[in-house]
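Encoded as structure tokens, the structure appears first; notes follow it.
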Amino acid sequence: MQSMAASSSSYSSARGWAAVRRCPSPSLPARHVAFSSSSSSRCPVAGAGAPVLPLGIRGGRLPLPCPLLPPGGKNGASARRAAAAAAPSAEGDGKPEAAGIPRTLQLGAMILVWYLLNIYFNIYNKLVLKAVPFPYTITTFQFASGSFFITLMWLLNLHPKPRLSLQQYAKILPLALIHMMGNVFTNMSLGKVAVSFTHTIKAMEPFFSVLFSVLLLGQTPSLLVVGSLVPLVGGVVLASMTEVSFNWIGFWSAMASNVTNQSRNVFSKKLLADKEETLDDINLFSIMTVMSFLLSVPLMLYLEGIKFSPSYLQSTGVNLQELCVKAAIAGTCFHFYQQVSYSLLARISPVTHSVANSVKRVVVIVSSVIFFRTPISPINALGTGLALLGVFLYSRFKKAKPKAKAA
């Protein structure tokens, strides 16, 4: 009888191991597979049909836990999902540079495009203004170019179209008027003085930003921010005293551009901060551009419409086709460098954006000096450098977070 029992046990074991070989589980080691003689016809699989032992509990079966697999059931499914989600992040943690390098290259390419568009805009815009000194007409043409690309953006659904009420349009109307006048003043300055000098004066924008933030928003600047304005203002004064192409109209136009642009920025910030408004920065800029175009048309026709005519262009000997190409390039660069600037601001911190903007002004000044061969004295270069240093310090101190006080 003992020999018969032994042979029966050996036969059951052989059948069990044959079942394991027929249904292998790559994720379950053989040492965790248990079986019984009554389950030899079934394939022992982990999970819902986990390997069991005939222990006589609840029908004679009790699942064996497997330390290499998550348990079954709802908790097991959650554990498996958590493990699957953690797997990619664990790989990414091992190689942080792999994700950082493409993003850095993308940001570097966007900043390079931003700088190039600024350079081309300032050069071609200056060439157009030298040929036809009509700042209102040039400004209208630039806003028309921007309105064309904005309409195309909305028609192709590249950005959600805004849905505004008449009350919201009424709030944006003053901003559009200020935006239009700011660009008119910039073009007036570029038409009278050198590009490098205009941008040196426009480096005083932080001064007016602090002034209007105090007067209109009630914000008190830190001592470091106020201190950064000293080299800025001193550098602009030094550069103005030694500027070869100095012109009072060009000087005050650039200053008026600072005033209008910074007041526009302050009011835009207040409008975007309103929780009841559903505008983002791109749509706000787009609506301001379209409204500025509509506002600039009657102003252009009234002030320069009679002068700017085909007969006038023929009398000056200007090549109309060449002029239109240069104006189109300037208008296209004018719109897209601002769009790239907004895209950059969505991807990097405001501090980094401000520093990049300071470097951009240096690049524009240097490139315009080289292209137009603008004569610069050592004192003039020193003043420009001081002004740009003040802008850089302002950018760093403006966004510096105060240290938390100890409890």
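Note that the coordinates shown come from a computational prediction; the quantities given were computed from them, not determined experimentally.
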Interatomic distance, [X] atom [atom1] to [Y] atom [atom2] [nearest 0.5 angstrom]:
X: Ser292; Y: His179; atom1: OG; atom2: NE2; answer: 4.5 Å
X: Leu164; Y: Tyr169; atom1: CG; atom2: OH; answer: 4.5 Å
X: Phe207; Y: Leu232; atom1: CZ; atom2: CG; answer: 9.0 Å
X: Ile150; Y: Phe143; atom1: CD1; atom2: CZ; answer: 10.0 Å
X: Thr139; Y: Leu295; atom1: OG1; atom2: CG; answer: 12.5 Å
X: Ser286; Y: Gln339; atom1: OG; atom2: CD; answer: 5.5 Å

What closest approach, in Å, do [X] and [Y] show between heavy atoms, and which atom pair accounts for it?
X: Asn187; Y: Leu129; value: O-CD1, 3.4 Å
X: Arg163; Y: Gln168; value: O-OE1, 4.0 Å
X: Trp154; Y: His159; value: CD1-O, 3.7 Å
X: Pro206; Y: Ala203; value: CD-O, 3.0 Å
X: Ala176; Y: Met288; value: CB-O, 3.8 Å
X: Pro231; Y: Gly390; value: CG-CA, 4.0 Å

Quick one: does [X]'s side chain get under 4.5 Å of [Y]'s, heavy atoms only?
X: Tyr124; Y: Cys333; result: no
X: Val391; Y: Arg361; result: no
X: Leu323; Y: Lys326; result: no
X: Phe185; Y: Leu190; result: no
X: Tyr394; Y: Val210; result: yes
X: Thr374; Y: Ser245; result: no
X: Met188; Y: Val184; result: yes

*By side-chain hydrogen bond (donor to acceptor under 3.5 Å, both in side chains), which residues pair with Lys192, not counting sequence neighbours?*
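Residues passing side-chain hydrogen bond (donor to acceptor under 3.5 Å, both in side chains) with Lys192: none at all.
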Among all residues two or more places apart in sequence or in another chain, which pass the side chain to side chain contact (heavy atoms under 4.5 Å, CB included) test with [X]?
X: Leu224; result: Ser222, Phe397
X: Leu166; result: none
X: Ser147; result: Thr289, Val290, Phe293
X: Leu156; result: Leu152, Leu158

*Would you please test Phe392 and Val359 for side-chain contact (heavy atoms from CB on, under 4.5 Å) and show each step?*
CA-CA 8 Å; Phe392 176 80; Val359 177; 5.8 Å; no
_Option passing side chain to side chain donor-acceptor pair (under 3.5 Å) with Gln142 (candidates Asn125, Thr137, Asn183)_ =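 Among the candidates, only Asn125 passes.
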_Whether Thr198 side chain and Ala194 backbone form a donor-acceptor pair below 3.5 Å_ =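 Judged by distance alone, yes, a pair lies under 3.5 Å.
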*For the pair Glu322 (side chain) and Asn319 (backbone), establish whether a donor and an acceptor sit closer than 3.5 Å, ignoring hydrogens and angles.*
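Checked: no pair found.
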Give every donor-acceptor pair under 3.5 Å between a side-chain atom in residues 379-388 and any protein atom, sequence neighbours left out.
| unit_1 | atom_1 | unit_2 | atom_2 | d |
| --- | --- | --- | --- | --- |
| Asn380 | ND2 | Ala239 | O | 3.0 |
| Asn380 | ND2 | Thr242 | OG1 | 3.4 |
| Asn380 | ND2 | Glu243 | OE1 | 3.3 |
| Thr384 | OG1 | Asn380 | O | 3.0 |

Quick one: ring pair (Phe, Tyr, Trp, His ring centres under 6.0 Å) partners of [X], sequence neighbours excluded?
X: Phe148; result: none
X: His199; result: none
X: Phe121; result: Phe334, Tyr337

*Does a donor on one side chain sit under 3.5 Å from an acceptor on the other, for Asn122 and Ser368?*
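Looking only at side-chain atoms, Ser368 and Asn122 do not form any donor-acceptor pair under 3.5 Å.
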_Thr332 versus Ser145, side-chain donor and acceptor atoms under 3.5 Å_ =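 Not at all, the side chains of Ser145 and Thr332 share no donor-acceptor pair under 3.5 Å.
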*asked:* For Lys126, give me all partners under salt bridge (charged side-chain N to carboxylate O under 4.0 Å, His left out), at least two apart in sequence or on another chain.
replied: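 With neighbours one apart ignored, the set is empty.
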*Can you list every ring pair (Phe, Tyr, Trp, His ring centres under 6.0 Å) pair that touches residues 214-247, not counting sequence neighbours?*
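Ring pair (Phe, Tyr, Trp, His ring centres under 6.0 Å) check on residues 214-247 returns Phe197-Phe246, Phe246-Trp248, Phe246-Phe251.
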*Which is it for Phe372 and Leu127 under the side-chain contact (heavy atoms from CB on, under 4.5 Å) test, yes or no, and what are the steps along the way?*
CA-CA 10 Å; Phe372 294 107; Leu127 292 174; 3.9 Å; yes
_Looking at Tyr120, I'd like to know if its OH atom is crowded, meaning that more than 12 non-hydrogen atoms belonging to other residues, nucleotides or ligands lie closer than 6.0 Å._
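Open: at most 12 neighbouring heavy atoms sit under 6.0 Å from OH of Tyr120.
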_Walk me through whether Val363 and Asn118 qualify under side-chain contact (heavy atoms from CB on, under 4.5 Å)._
CA-CA 9 Å; Val363 172; Asn118 268 273; over 6 Å; no
*If you look only at pairs with a residue in residues 250-259, which of them pass as a side chain to side chain donor-acceptor pair (under 3.5 Å), with sequence neighbours excluded?*
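Counting only pairs at least two positions apart or across chains, the side chain to side chain donor-acceptor pair (under 3.5 Å) contacts touching residues 250-259 are Thr186-Ser257, Lys202-Ser257, Ser257-Asn261.
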